[in-house]
Amino acid sequence: MNEKVDVLIIGSGASGAAVAWSLAETRMRILCLEQGDWMKSTEFPSGERDWEARRFSDFHISPNIRGRDADYPVNDDNSPMKIANFNGVGGGTLIFTAHWPRLHPSDFKVKTLDGVADDWPIDYWKLEPFFEENDRMMGSSGVTGDPGGPPRHPPMPPIPLGRTGTHYARTMNRLGWHWWPSDTAIATRDYEGRAACINLSYCTPGCAQGAKASTDITYWPLALRAGVELRTRCRVREITTDQNGMAAGAIYYDAEGREHFQPAEVVILACNGVGTPRLLLNSASAKFPNGLANSSGLVGKNLMLHPWPVVSGYVGELMDGARGPITCLWSKEFYETDPSRDFVRGYMLQFGRGVGPATQAIVGAASGHLPWGRDHHRVYRELLDHRVGIGVACDDLPEEHNRVTLDPVLKDSNGIPAPRIDYAIGENTRRMMEHGIARAEEILAAAGATRISCSRTALNYPGHLLGTCRMGSDPERSVTNEWGRCHDVKNLFIVDGSLFVTGGGVNPTSTIQALALYVADQMKQRLANLFD
Amino acid sequence: MSATDIDIDTLRDVAGTMIPASAEFGMPGADDPAIFEDIVKSIGRDLPHVREAVAEISARSGSAFGALDRDKREALINGFHAGGAPSIMTLGRVIASAYYRDDRVLLALKLEARAPYPKGHEVEQGDWSLLEVVRKRPPFWRDDRKV
């Protein structure tokens with residue numbers, strides 16, 4: 001049997017890495033179990049000639065399509081939005097865009113300000129020092145002075161505007177609408193052992209240069225040096241409890257399928273908004289028949305996935321194409337609630353560069369702008385490196401019918417029941433989507449674009465898995481308290497996107513990590529009476 | 001998986017119809033031997049969809065796709081593609097992915113025939129002066145401490 005550890009963390013991604021690093025200074029014995037492997041940067045697609053094709057195979061963002069040994073299947077048939085994740089050291093940060101906005105202060109008070117959903121039990125200002133700490137640890141880049149959000153202090157200068165960003169910026173200035181160069185978690189100069197970005201193209205399928213801040217090259221080297229143990233290819237089946245209803249440890253399978261038990265004083269779940277409820281539901285027992293930490297019945301419910309339509313077109317001028325980080329600027333013009341609209345809350349516009357040569361043919365044909373046959377070559381030349389596209393990142397409000405449950409049939413390679421997703425886009429969000437699509441079309445038309453088209457499901461894999469173990473002060477309306485401790489099991493903590501009470505309209509990783517650092521800080525302040 | 005159970009001759013005709021050779025633009029066709037070999041080699045996990053697409057094209061052409069004249073072949077492919085079936089979308093992706101990494105194709109497009117790493121790409125900084133007008137705008141995010 002394995003020796004008991006003080007802290008057992010399940011999952012080594014965005015939040016697991018941050019909480020491991022933060023707790024390391026306590027000198028407790030900390031172990032992290034990760035079901036995937038360490039990834040080698042030499043195996044990332046951008047070093048090979050088939051770099052575009054591999055985004056549709058072994059580096060696809062859907063585990064169902066990717067199908068690596070470390071992946072588990074997800075039944076997302078009953079959802080227009082599909083599940084994206086990555087199982088390896090660094091988790092989803094290996095495949096994220098590294099776009100780095102934060103939730104706004106208003107996102108934490110949607111009930112008070114807009115009369116919908118619920119307020120978070122904490123506010124932006126409580127998280128602000130952890131946002132700043134996380135920006136330094138991950139290494140963010142950007143420009144200070146954005147009037148569209150609270151002050152931020154990225155330690156590195158921004159990624160280039162490029163031709164594409166400049167074209168968008170001129171257009172937005174003509175329209176009188178806000179824009180700002182995107183904050184990114186990409187090193188724009190050599191930073192803490194990471195090399196500066198050299199504009200490889202798509203950032204999502206791993207960064208061979210090591211400029212993108214995946215946690216395998218940011219938090220983990222420091223956490224390991226501080227004494228944290230990270231054990232890979234360990235897939236956790238369930239969290240067990242003792243006679244007092246406290247978490248006793250985890251049962252997991254190693255790479256050869258052998259079963260192990262890892263005892264622990266404290267268990268921290270960092271498996272994302274699908275993996276964490278799946279694990280809690282798979283940990284049902286006689287004492288917890290509806291799943292662990294689920295007396296509220298809310299484990300798995302209120303799933304938020306961020307609907308994200310994309311409007312694209314083609315301009316006469318040459319743009320950046322696939323060169324450079326994907327998203328070059330954002331607009332918060334329509335982020336805050338405006339009573340004159342037919343929806344509450346809002347969305348962020350994200351301005352993309354272009355696509356690579358193969359992807360241009362694929363998306364051009366899919367949108368009906370590029371024919372197959374004798375006219376293919378002529379039209380293709382009008383499209384390649386002329387593409388512009390705007391994503392509409394919509395706020396997603398919690399609805400209990402959007403949920404993660406256990407699939408009655410589907411299982412992973414260890415026989416563990418797989419998650420099933422039931423999700424429908426809410427009416428408020430639909431109205432928001434249409435408003436955002438119309439504004440994006442207006443911007444592209446003003447930019448001189450033609451062949452404008454919209455795909456309401458173009459980015460139906462944003463991989464933002466939120467809300468399924470929400471935090472709150474009321475044990476009947478939340479799964480954890482205001483610092484991530486489960487109401488029902490006082491030595492069980494959650495630090496990932498499951499904690500989100502509302503979704504916000506931005507990429508969530510910086511907020512997820514700020515939350516993880518905040519929970520770790522709360523734990524450190526209460527070590528003497530952590531379970532009271 | 002292998003591609004041995006696909007009607008290879010029809011697949012070659014389909015590839016050459018979708019992306020034909022062009023003397024005007026100096027482009028090989030997707031039925032060029034080296035490119036087609038790459039297409040077949042890269043089908044991999046997409047085999048079920050590719051097989052289904054080729055079978056559907058064959059059925060729509062009365063098992064004589066290659067014998068149709070060019071206009072009819074192109075009309076059949078574009079009509080099938082416009083329907084958005086996953087099989088033909090996948091087939092298009094497989095063919096385009098292999099075609100647009102061929103050295104001759106990339107060089108004809110005035111692109112470098114190489115992987116992005118390790119050389120990377122130059123991206124110009126752009127016109128940062130455009131930001132000045134935005135900087136002058138007062139903050140417009142809702143500060144919950146003042147509401």
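Using a 4.5 Å cut-off between heavy atoms, Ala113(B) touches chain A through backbone and side chain atoms alike. For Gln209(A), the parts lying near chain B are the backbone and the side chain together; criterion is any non-hydrogen pair under 4.5 Å. Proximity to chain B is absent for every atom of Tyr124(A), based on heavy atoms less than 4.5 angstrom apart. Contacts of Ile95(B) with chain A are absent, with no heavy-atom separation under 4.5 Å from either backbone or side chain. Neither the backbone nor the side chain of Arg73(B) has a heavy atom closer than 4.5 Å to any heavy atom of chain A. Residue contact with chain B, scored on non-hydrogen atoms closer than 4.5 Å, is absent for Thr112(A). Looking at Glu333(A), both its backbone and its side chain come within 4.5 Å of chain B, counting heavy atoms on both sides. Using a 4.5 Å cut-off between heavy atoms, Leu384(A) touches chain B through its side chain atoms alone. Proximity to chain A (any heavy atom under 4.5 Å) is restricted, for Asp102(B), to the backbone atoms N, CA, C and O. For Leu131(B), the parts sitting under 4.5 Å from any heavy atom of chain A are the backbone and the side chain alike. Looking at His104(A), the atoms closer than 4.5 Å to chain B (heavy atoms on both sides) all sit in the side chain, from C-beta outward. Of the atoms belonging to Arg378(A), heavy atoms from both backbone and side chain fall under 4.5 Å from chain B. For chain B, the nearby part of Lys109(A) is the side chain; its heavy atoms alone come within less than 4.5 Å.
Counting heavy atoms from C-beta outward, Val134(B) and Met172(A) have side chains that stay 4.5 Å or more apart. Counting heavy atoms from C-beta on, the side chains of Asp50(A) and Ser42(B) never come closer than 4.5 Å. The shortest distance between side-chain heavy atoms of Ile198(A) and Lys119(B) does not fall below 4.5 Å. Within the 4.5 Å cutoff, side-chain heavy atoms of Arg381(A) are placed close to those of Phe25(B). Two residues are said to be in side-chain contact when any heavy atoms from C-beta on lie closer than 4.5 Å; Asp143(B) and Pro150(A) fail this criterion. A 4.5 Å side-chain heavy-atom check between Leu161(A) and Trp128(B) finds at least one atom pair inside the cut-off. Taking the side chain as every heavy atom from C-beta outward, His376(A) and Met18(B) never approach each other to under 4.5 Å. Annotation: side chain of Glu74(B) is not in contact with side chain of Asp375(A) (no heavy-atom distance under 4.5 Å).
Within 6.0 Å of CD on Glu122(B) lie no more than 12 heavy atoms contributed by other residues, nucleotides or ligands. Atom CD of Gln125(B) has more than 12 heavy atoms from other residues, nucleotides or ligands within 6.0 Å.
For the residue pair Trp125(A) and Asp144(B), a side-chain donor N or O sits within less than 3.5 Å of a side-chain acceptor on the partner.
Summarising the geometry of Arg49(A) relative to Ala115(B), their closest heavy-atom pair is CD-N, 3.5 Å, with the distance given to 0.1 Å. A pairwise comparison of heavy atoms in Ala96(B) and Ile362(A) identifies CB-CG1, 4.1 Å as the closest pair. Taking both residues in full, the closest heavy atoms of Pro147(A) and Arg137(B) are given as CB-O, 3.3 Å, listed atom of the first, atom of the second, then distance.
Ranked by heavy-atom pairs under 4.5 Å with chain B, the first of Gly373(A), Gly67(A), Ala358(A) is Gly373(A). For the set Glu336(A), Glu48(A), Arg163(A), the entry with the most heavy-atom pairs within less than 4.5 Å of chain B is Glu336(A). Counting heavy-atom pairs closer than 4.5 Å to chain B, the top-ranked of the candidates Thr337(A), Asp146(A), Asp123(A) is Thr337(A). Interface remark: of the candidates Ala169(A), Ala361(A), Gly165(A), Pro357(A), Pro357(A) forms the most heavy-atom pairs closer than 4.5 Å to chain B. Of the residues considered (Thr17(B), Asn78(B), Val105(B), Ile77(B)), Asn78(B) shows the highest number of contacts with chain A, using heavy-atom pairs under 4.5 Å. For chain A, the option among Lys136(B), Met89(B), Arg70(B) with the highest count of heavy-atom pairs below 4.5 Å is Arg70(B). Note: Pro181(A) leads Ala322(A), Pro181(A), Pro45(A) in heavy-atom pairs under 4.5 Å with chain B. Interface check for chain B: of the options Gly324(A), Ser201(A), Gly148(A), the most heavy-atom pairs under 4.5 Å are formed by Gly148(A).
Formation of a donor-acceptor pair under 3.5 Å by the His377(A) side chain with backbone atoms of Pro20(B) is found in this model. In terms of modelled atom types and a separation under 3.5 Å, the side chain of Asn173(A) and the main chain of Leu130(B) share a donor-acceptor contact. Side-chain N or O atoms of Thr166(A) include none that pairs as donor or acceptor with a backbone N or O of Gly126(B) at under 3.5 Å. Between the side chain of Arg101(B) and the backbone N or O of Trp51(A), no donor-acceptor pair lies under 3.5 Å. No donor-acceptor pair under 3.5 Å is formed between the side chain of Asn199(A) and the backbone N or O of Gly120(B).
At a threshold of 4.0 Å, the pair Arg142(B)-Asp114(A) counts as salt-bridged, since one of the basic side-chain nitrogens sits closer than that to a carboxylate oxygen. Salt-bridge annotation for Arg374(A) and Glu24(B): absent, with no side-chain N of the basic residue lying under 4.0 Å from a carboxylate O of the acidic one.
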Would Tyr99(B) and Tyr380(A) count as a ring-ring contact (aromatic ring centres under 6.0 Å, His included) if you check the C-alpha gap in whole Å, the side-chain angles of each, and the deciding distance to 0.1 Å? CA-CA 13 Å; Tyr99(B) 183 81; Tyr380(A) 181 85; 8.4 Å; no
Audit row: His81(B), Trp372(A), side-chain contact (heavy atoms from CB on, under 4.5 Å) steps and yes/no: CA-CA 9 Å; His81(B) 197 275; Trp372(A) 300 115; 3.1 Å; yes
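Atom CD of Glu52(A) sits about 12.0 Å away from atom CZ of Arg93(B), to the nearest 0.5 Å. For the atom pair Asp107(A) CG and Trp141(B) CH2, the distance stands at 12.0 Å (nearest 0.5 Å).
The aromatic rings of His178(A) and Phe140(B) sit perpendicular, their planes meeting at an angle over 60°, well past the 30° parallel limit.
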